[in-house]
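Quantities reported herein were computed from a predicted structural model and do not represent experimental measurements. Labels below follow one simple rule: chain letters A, B, ... track the order of the sequence lines, proteins then strands, and each chain is numbered from 1.
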Amino acid sequence: MSESVRVQASINGEKREFLCEPRQSLLEVLRDTLQLTGAKEGCNNGNCGACNVILNGVLVNSCLVLAVEAGGAEITTIEGIALKDRLHPLQQKFLEHAALQCGICTPGFIVSAKALLDNNPDPTEEEVRHWLAGNLCRCTGYDKIIRAVLDTADSADMQSVRG
Amino acid sequence: MQAFDYVRPTTVDEAVSILARHGDQARVLSGGTDLIVALRESRRQVQVVVDIKALSETAELAYSPQAGLRLGAAVPCYRIYGDSAVAAAYPGLIDAARLIGGIQIQGRASIGGNICNASPAADSAPALIVHAATCVIAGPHGRREVAVEDFFAGPGRTVLQPGEFLVSIRLPAPEPGFGAAYLRFTPRNEMDIAVVGAGASVVLDETRRTIRSARIALGAVAPTPLLVAAAGNALAGLPADDAAVEQAAALAEEAARPITDMRGTAEFRKHLSAVLTRRTLRAAIARAQAA
Ligand SMILES: Cc1cc2nc3c(=O)[nH]c(=O)nc-3n(C[C@H](O)[C@H](O)[C@H](O)COP(=O)(O)OP(=O)(O)OC[C@H]3O[C@@H](n4cnc5c(N)ncnc54)[C@H](O)[C@@H]3O)c2cc1C
Ligand code: FES
Ligand code: FES
């Protein structure tokens, strides 16, 4: 039998320590152990992106990372995206563009789009569509989501966030 | 998911000794994008998962125009295409690295994992074959090297023996006049598995009009990725024109021995082998001429 392992990681800028079994995914630990339920389990096999988090600056599917692999890592989840006093521009633009219906896919899309804009502050529509191909939405349709991301990139608010 | 132990060795010897001790009850973990899914779906049973990402050699991405590329087996795709010198020197590899899954998958998935998983449709396999890559393997009896086209033993099977694992992949430095490309056919642009994949590389002479040598490889048309030596050999010495491209396409179609499955019929795959060889060879020639 495998034993539980103690893991330390920085999550949304806060040092966290947790116990996990090697077979537990990062997604499972975020949701069930750390009560960070923003990341969703859609497919649990890497296809839908609902579980997206940023791990050491890299966008990943947290369902395909073992929690033990996250030792010493810096992790950003959807809970760490909003600014101190207001929504992140991406969150604001998703609301304005009605880029969500049931909302299950939204945390994944926003985390994924955040990683895109961190990498490429001024993406073309094609670049946005390509980047978001690993995020699935079953109800809104992609157009509003793409518009929201493009509009965020253009917004004055986003320039101020970037500083 | 089934229970297992997790170990993260820090030297190649330590990894080998753990793998040798546990035999088929141990499994190497690289990016996990195949392994974690397989464990979750109980397609694999293991007692120990051996994470190789802490080894300096498997995490190494080292290129020089003289020595070529040492690609650590665990280096994720995004690091490969993010390196501009590597991207310029190995365009076929870059085509494949950009195609594997989506951005989130590329943040974890390694080329080493892609070939060790040994899907006949693995996108990096034809690309590595046309780049004349070599697999560097460590095991209980030391190191050995295997040409990447000889690394596959069947669907899901490689030549790795108990206790062995893939440490790195070596790609020779591109010669002057070199160009390469990889293309696949999928119903969806991203996040899909190749119905057929085709890679091509050429070395053109000083005039950039004559083919000095060429390599053609196909994926998803046989139990293993296929080097189509006949097509590559036939191109040597020919003008880099449509007639040469047609000849290679016909030989690739002839070499393909696909099956019919839910992604496509054998007949369709045969046809695609010619179409994709034509396109990928043209792209390789164009890149060689532009370089
Ligand atoms: C949503 C999704 C989309 C995908 N799309 C594609 C695609 O478009 N094209 C494609 O080709 N693949 C695709 N894949 C499959 C997978 O992502 C790739 O095969 C990937 O390159 C595997 O690399 P990894 O580092 O994640 O391997 P892992 O999952 O870590 O390992 C894969 C297998 O190889 C073994 N292994 C890994 N490294 C070594 C080593 N160094 N020595 C010995 N054994 C080793 C492991 O034990 C395991 O059996 C996709 C997967 C998912 C989930
Ligand atoms: S739940 Fe992780 S990709 Fe779908
Ligand atoms: S809003 Fe329902 S899945 Fe996207």
Considering only heavy atoms, which portion of A:Leu66 lies under 4.5 Å from any heavy atom of chain B: side chain, backbone, both, or neither? both
A:Arg129/A:Asp143 ion pair, N-O < 4.0 Å: yes
Check each atom of B:Gln2 against the heavy atoms of chain A and say whether the ones under 4.5 Å are side chain, backbone, both or neither. backbone
Please check: side-chain N/O of A:Glu79 versus main-chain N/O of A:Gly38, any donor-acceptor pairing under 3.5 Å? yes
Tell me, for A:Gln24 versus chain B, whether the close heavy atoms (under 4.5 Å) come from the side chain, the backbone, both or neither. neither
Nearest 0.5 Å, please: how far is CE in A:Met158 from NE2 in A:His88? 4.0 Å
Does a side chain donor of either A:Glu126 or A:Thr124 reach within less than 3.5 Å of an acceptor in the other side chain? no
Checking A:Val60 against chain B: side chain, backbone, both or neither under 4.5 Å from a heavy atom? both
Would you call the rings of B:Phe185 and B:Phe268 parallel, tilted or perpendicular, taking 30° and 60° as the class edges? perpendicular
Measuring heavy-atom distances to chain B, does A:Val5 have an atom under 4.5 Å in its side chain, in its backbone, in both, or in neither? neither
Side chain, backbone, both or neither: which part of A:Leu136 has a non-hydrogen atom closer than 4.5 Å to chain B? side chain
Any donor and acceptor pair, going by atom type alone, linking the side chain of B:Glu14 with main-chain N or O of B:Thr10 inside 3.5 Å? yes
For the residue pair B:Tyr63 and B:Tyr90, categorise the inter-ring angle as parallel (less than 30°), tilted (30 to 60°) or perpendicular (more than 60°). perpendicular
Under 4.5 Å from any heavy atom of chain B, what part of A:Asn52 do you find: side chain, backbone, both or neither? side chain
Taking side chain as everything from C-beta outward and backbone as N, CA, C, O, which of these in B:Phe4 sits under 4.5 Å from a heavy atom of chain A? Side chain, backbone, both or neither. both
Spell out, as yes or no, whether a donor-acceptor pair under 3.5 Å connects the side chain of B:Arg79 to the backbone of B:Ala59. yes
Report, in residue-number order, which members of residues 104-115 of chain B are under 4.5 Å from chain A by heavy-atom distance. B:Gln104, B:Ile105, B:Gly107, B:Arg108
Check ion pair A:Arg86-A:Asp157 (N to O, under 4.0 angstrom): yes
